[in-house]
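Working notes for the structure below.
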Amino acid sequence: MPARRSLLRPFVLLGLSSFFALASIHATAANEVKLGLLGSLTGPHAGWDAPASEGAHMAVSEINAAGGVKVAGKSYALRIVEEDSQSKPDFAVSGAQKILSDDDVHVMFGMMVSTPGMASAVPIAKAKVLYVGGFTLMDSLLGKPGNELMFRSLPSDEITGKYFVPEVTKRLGLKKMGILYPNEDATRAVAKVYQQLFEKAGVEIPVIEFFQPGTTDFAPVLRKFQNKGLDGLFLGNSDPDTEAMVRQSLELGGLPKKFVYRGGSGAPAAKYVDRIDAFAWQILTRDLDTSTDPKVTSWIERYKKFSKKSVNSTTYWALTYYDSVFMVARAMEAAGTTTDPKAIAAKLRGSAYDGVRRIRYDNEGRAHADVDIGLIQGGKSLSLPVKVD
Amino acid sequence: MWLDLLQTAIDGLMVGGLYTTVALGITLVFGLVGILNFAHGQMVMLGAYVAFFTVASGMPFWLGLTLAALSMALVGGVLERFIFRRTLTDPMAGLTVSLGIIMIVENLAAGAFTPNPRFMDAPLEGSWQWGPVTLPAQRLLVLAVAVALIAVFYIFLRKARLGKAIRAMAQNRQGASLVGVRTTQVSAAIFVIGSALAGAAGALYASLYSISPYMGMTPLMKGFILAAFGGLGSVPGAILAGFLLGMSESFGARYLSAAFRDGYGFVLLIVVLLVLPNGLLGTRKGRI
């Protein structure tokens, strides 16, 4: 009998330890808020989504280190549940569905690029979770019935352009420009917005061309802009496309040497500073290269420590979700719930947050956030802060 | 008007030269050895990175170009010896393996080099003025190098012993084997030469355009179009098709719409295949 008892002892101990382990996991889960995060960590869109993911993880890490989200006297740690959409719309949909199959996910972040972003927006909207995204075409979804829980973390082109275009037109002395943009729904819509804004600012736009996405050789299409008396080109929506266009414009000759870029970095012009007249770009978040704002410099130091990476031309996107995660956490605290997306959305709508960016959401979920204008002129690089109303 | 036409034609020839350099490898490997190597585009990509890092470390472009060709020849040799030789009798297995190689190489490259596109400093800047015509220096250099590579390769096929063996194998694999051509070794040599050309094409791409771990698909697609367009296994056909494709894209984008750029090549391909089902210079059997 004693021998039998000693044989049973390990099983009893194993059973008890499993019970306590499961109980402890359950206890952890009860004090945890899961945030869904969908983005292309691999594939050609990773340049946007991977830094954005880092920003969300960094915010979660800082919030948890400060004691988590405090709701009704109880502290909740945030945990990210993440799926890689691999830069493909079908993977974005299946990734969204996988995250949404977890009943504990009530808030989702993600998607910086429109093609997979639009595809995944459908299941996310149907699931009635609060969704903070970043892709351009999200602007066309906001304010529509059924999308009341959607928010875009970046300001729309109409909002940003209203401040950006007059300032850049004045600084660069633009009078006649050409527009060269990719042939996609989102980018055609963007080109139209800026065409109107430039025309309103008194700039003539005699040539608008759309190129096939994925084009690397722009020589034939750039020749359409040659010798037209243009003094500027409004270019592209990605750094590699824009750098290729700047470089090839200089190679071909007979083209303007002032460039205006709707993208978020001055990297496309960095190698050509001495050969161009000017390059202006929208920093849709904050200037991470030359800013002396203590909020920005402190964030850069924390980012370097957290990611073990230096700041580069894609780090801007980390800020898109960094501030947004903090805003959602504050909205949860204000709403007194971590599980009711409608109540959290109600607090988010109309709220303002003074983070690294100063940001507020209007009633349709559109962000009104400070942006910086980057400018390379006369061989010098600087940034102009723009306070958005 | 004439000036514009001339400049557009030069743009087309330059792009065509690049396409041809990629297509030669594909037409040889697919047309003669029968290996459908979709990973050919990844060799272009790896060649581009070899050239990029060589130039970035302060070495001259020519060394980058040479290293890109040599390193891809080595990679091609290893792939042929340890993978594709084993799948020779099963084209579907070869196809599947090459698709797997794309995934592995792309993701390893993204992990090692980051997915961010990079630009290499061009060895030549500015442009040359030739009367009223402005010729971008780097583009002319790429055209000259591509034409030189194609010419050297063509002379090699005509004059060198190995080139003659490749031609013999193209005409009749069994017959070549009967007269003493070691077809296994020649197949390996074809794979190595095709891979070296892909590496060189990658270096030329890098001197003009941005490079990224995902850049391989476009040259691969163009290469396969050209292999079919020129006639499978036909080197003169691939050369002619390469320059025609470059010109059609260039003129289409300049005078019609740049939004349909890749479509012009397919339109040309369909028209040619309707009239000449074996391609421009293809025969039922591979021809060199």
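Every chain is numbered from 1 and lettered A, B, ... according to where its sequence line falls, protein lines coming before strand lines.
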(message) Can you tell me which of A:G214, A:G47, A:P44, A:S238 forms the most heavy-atom pairs within a distance under 4.5 Å of chain B?
(response) A:P44
(message) At a 4.5 Å cut-off on heavy atoms, which part of B:S212 comes close to chain A: side chain, backbone, both, or neither?
(response) neither
(request) Taking all non-hydrogen atoms of both residues into account, name the closest pair between A:P220 and B:D11 and its distance. (result) N-OD2, 4.3 Å
(request) Look up atom CZ in A:R247 and atom CD in B:E125, then write down how far apart they are to the nearest 0.5 Å. (result) 8.0 Å
(message) Please identify, among A:P240, A:S87, A:G254, the residue contributing the most non-hydrogen atom pairs under 4.5 Å to chain B.
(response) A:P240
(message) Are more than 12 heavy atoms, taken from residues, nucleotides or ligands other than A:K176, located less than 6.0 Å from that residue's NZ atom?
(response) yes
(message) As an exercise, state the distance from OG1 of A:T42 to OH of B:Y214, rounded to the nearest 0.5 Å.
(response) 5.5 Å
(message) What part of B:A137 gets within 4.5 angstrom of chain A, counting heavy atoms only: side chain, backbone, both, or neither?
(response) neither
(message) If you count heavy atoms of other groups shown closer than 6.0 angstrom to NZ of A:K192, is the number above 12?
(response) no
(message) Taking side chain as everything from C-beta outward and backbone as N, CA, C, O, which of these in B:L124 sits under 4.5 Å from a heavy atom of chain A? Side chain, backbone, both or neither.
(response) neither
(message) Looking at every non-hydrogen atom in both residues, tell me the closest pair between A:A46 and B:P115 and how far apart they are.
(response) CB-CG, 3.7 Å
(request) Would you mind checking which part of B:F251 comes under 4.5 Å of any heavy atom in chain A, side chain (CB onward), backbone (N, CA, C, O), both or neither? (result) neither
(request) Determine, for B:D4 against A:R223, whether the closest basic-nitrogen to carboxylate-oxygen distance falls under 4.0 angstrom. (result) no
(request) Using a 4.5 Å cut-off on heavy atoms from C-beta on, say whether the side chain of A:D217 contacts that of B:R139. (result) yes
(message) Does any backbone or side-chain atom of A:K224 lie under 4.5 Å from a heavy atom of chain B? Answer side chain, backbone, both or neither.
(response) both
(request) Counting only heavy atoms closer than 4.5 Å, note whether A:T314 contacts chain B via side chain, backbone, both or neither. (result) side chain
(message) How long is the straight-line distance from CE of B:M120 back to NZ of A:K271, given to the nearest 0.5 Å?
(response) 9.0 Å
(message) Looking at B:D262, is its backbone amide N or carbonyl O close enough to the side chain of A:Q212 to form a donor-acceptor pair, meaning the two atoms are under 3.5 Å apart?
(response) yes
(request) Specify which of B:P136, B:A259, B:S127, B:S210 makes the most heavy-atom pairs with chain A at under 4.5 Å. (result) B:A259
(message) Quick check on A:L252 against chain B: is it the side chain, the backbone, both or neither that has a heavy atom closer than 4.5 Å?
(response) both
(request) Find the one option among B:N116, B:N107, B:L18 whose heavy-atom pairs under 4.5 Å with chain A are most numerous. (result) B:N116
(message) Can you tell me which of A:R275, A:E243, A:E251, A:H45 forms the most heavy-atom pairs within a distance under 4.5 Å of chain B?
(response) A:E243
